[in-house]
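All values derive from a computational prediction rather than experimental measurement.
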Amino acid sequence: MHTGRVSRQTDFVLRSMEERNIRFVRLWFTDVLGSLKSVAIAPAEVEGAFAEGVGFDGSAIEGYARVYEADMVAHPDPATFQVLPWRSGTGTARMFCDITNPDGTASAADPRHVLKKTMARAADMGFTFYVHPEIEFYLLKEEHQPGGAPVSLDNGGYFDHTTLGAGTDFRRDAINVLEQMGISVEFSHHEAAPGQHEIDLRYADALTMADNIMTFRVVIREIASLKGIKATFMPKPFTNHAGSGMHAHVSLFEGDTNAFYDVADEFRMSPVAKHFVAGLLHHAPEITAVTNQWVNSYRRLSGGGEAPNYICWGRNNRSALVRIPMYKPDKASSARVELRSIDSAANPYLAYSLVLAAGLDGIEKELPLPEEASDDVWQLSARERHALGIKRLPQSLGAAIRCMEESELVAETLGEHVYDFFLRNKRAEFEEYNRQVSQFELDRYLPHL
């Protein structure tokens, strides 16, 4: 980054802290699994943090460092300075950090660095990568049903409005806080399931968006907590209701020109867009362990409804993995591709890195776009899908791990450190899950066997 711009940004931060009476500055960064980490420093320390960073013990952070190489340094990014509105009265602000080793080299374990590296590769090809996510989540009451099952906050349905006092108030308050933090919200509505809501963030470059999503999760949980309710981004908390996805509308721009748009094409898709989609479809099984990284993620993917299960693309086909939205077919700037597999609990830095890498690989290799799937893929028989060459996404975290283990693309994109840690951690999660006796098994077998 240009030094003049950095010094202007650091001056702005130092001035803002004084003007707004900031007493605590939280330095935020993300571990390999996508959990937010935070360390608070006093305003007097901020200038030193910009100059030299803040040291911490990396061995205590999931996936960061082994014990014998534990010293790491967090460098706040002044462009991400924002006051936390829900901490009113305490004067608290936050900045995201880039993580380095003590010698100043970028830490291979920092998910933000992984995304920056992939975006730099796109920039070398002339592209900027933009993302517009639709983030779904559930609002729950604090009490639980017998057996520990969650209780939805309301009984609303898709786009319902009038009767949903608590949920509607919640969304209004959450959106106010997001807007105060410079995060633009495009839409918000009640989703199809009781207690399920969706908030869509206005598109931004992928790094800004990944930072925004990490902030979004904090805001949603904080506002819920202030109202005595619970918000969850768990992919599938209810057996009989839809899971929570984070559909990603993505596009590549060359300068101010949308590289996905071609007015002469019947789908309005440029060759770049077609190759990008072909890359996404080709690499979909390998990247699923990251876009859907929890045991519970596969309850959503195999649950039917609007969660994708089959590797295909379509225009207004909501059962397809990749959809080409046709809202404004003649508006060049809005041409985009929607990937529907990512769930709301993914690590956005790693997920967007792999989506971009898969698409770029399709562009570089000029992979051909398969035939469009025009039918509801769910309704086809296995034989019909086979005849059309439509394969399934991995059906469990275990199957997704096996696909990821074979993937050169994922290994190269994540880097050896993140790739190895992620696989090791997910194998352990899946093995632990496999040892559990579930309520389903007790209900089904205990009375009869």
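Taking Glu52 as the reference, nothing meets the side chain to side chain contact (heavy atoms under 4.5 Å, CB included) condition, with sequence neighbours excluded. By the ring-ring contact (aromatic ring centres under 6.0 Å, His included) test, Phe81 is found to be paired with no residue, residues two or more places apart in sequence or in another chain being considered. Under the side-chain hydrogen bond (donor to acceptor under 3.5 Å, both in side chains) criterion, Thr291 pairs with no residue at all, not counting sequence neighbours. Contacts of Phe24 classified as side chain to side chain contact (heavy atoms under 4.5 Å, CB included), with partners at least two apart in sequence or in another chain: Thr92. Evaluation of the ring-ring contact (aromatic ring centres under 6.0 Å, His included) rule for Phe260 yields Phe276 as partners, not counting sequence neighbours. Qualifying ring-ring contact (aromatic ring centres under 6.0 Å, His included) partners for Phe233, counting only residues two or more places apart in sequence or in other chains: Phe137. Every residue two or more places apart in sequence or in another chain that forms a side chain to side chain contact (heavy atoms under 4.5 Å, CB included) with Ala345 is listed here: Pro235, Trp294, Asp343. Taking the ring-ring contact (aromatic ring centres under 6.0 Å, His included) definition, one finds that Tyr203 meets it with Tyr130, sequence neighbours left out. Not a single side-chain hydrogen bond (donor to acceptor under 3.5 Å, both in side chains) links Arg26 to another residue, sequence neighbours left out.
Salt-bridge annotation for Arg300 and Glu136: absent, with no side-chain N of the basic residue lying under 4.0 Å from a carboxylate O of the acidic one.
The shortest side-chain heavy-atom distance between Tyr419 and Val114 does not fall under the 4.5 Å cut-off.
Sorted by first and then second residue, the pairs that involve residues 178-190 and meet salt bridge (Lys or Arg N to Asp or Glu O under 4.0 Å), not counting sequence neighbours, are Glu186-Arg202. Here salt bridge (Lys or Arg N to Asp or Glu O under 4.0 Å) pairs that include residues 397-406, with residues two or more places apart or in two chains, are Glu405-Arg427.
No donor-acceptor distance shorter than 3.5 angstrom exists from the side chain of Lys426 to the backbone of Glu429, with no hydrogens or angles considered. For Ser353 (side chain) and Tyr349 (main-chain N/O), a donor-acceptor pair under 3.5 Å exists by modelled atom type.
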Pairs under 3.5 angstrom only: tabulate donor-acceptor contacts from the side chains of residues 94-105 to other protein residues two or more places apart or in another chain.
{"unit_1": "Arg94", "atom_1": "NH1", "unit_2": "Thr80", "atom_2": "O", "d": "2.3"}
{"unit_1": "Arg94", "atom_1": "NH2", "unit_2": "Thr215", "atom_2": "OG1", "d": "2.9"}
{"unit_1": "Asp98", "atom_1": "OD1", "unit_2": "Arg112", "atom_2": "NH1", "d": "2.8"}
{"unit_1": "Asp98", "atom_1": "OD1", "unit_2": "Lys116", "atom_2": "NZ", "d": "3.2"}
{"unit_1": "Asp98", "atom_1": "OD2", "unit_2": "Arg112", "atom_2": "NH1", "d": "3.3"}
{"unit_1": "Asp98", "atom_1": "OD2", "unit_2": "Lys116", "atom_2": "NZ", "d": "3.0"}
{"unit_1": "Thr100", "atom_1": "OG1", "unit_2": "His75", "atom_2": "NE2", "d": "2.9"}
{"unit_1": "Asn101", "atom_1": "ND2", "unit_2": "Thr105", "atom_2": "OG1", "d": "2.9"}
{"unit_1": "Asp103", "atom_1": "OD1", "unit_2": "Thr105", "atom_2": "N", "d": "3.0"}
{"unit_1": "Asp103", "atom_1": "OD1", "unit_2": "Thr105", "atom_2": "OG1", "d": "2.7"}

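Contact record, Pro194 with Tyr138: O-CE2, 3.3 Å, taken as the closest heavy-atom pair. Between Ala335 and Asn258 the shortest heavy-atom distance is O-ND2, 2.7 Å. The minimum heavy-atom distance linking Val418 with Ala108 is given by the pair CG2-O, 3.2 Å. Nearest heavy-atom pair, Gln293 versus Leu33, reported as atom, atom and distance to 0.1 Å: NE2-O, 3.0 Å.
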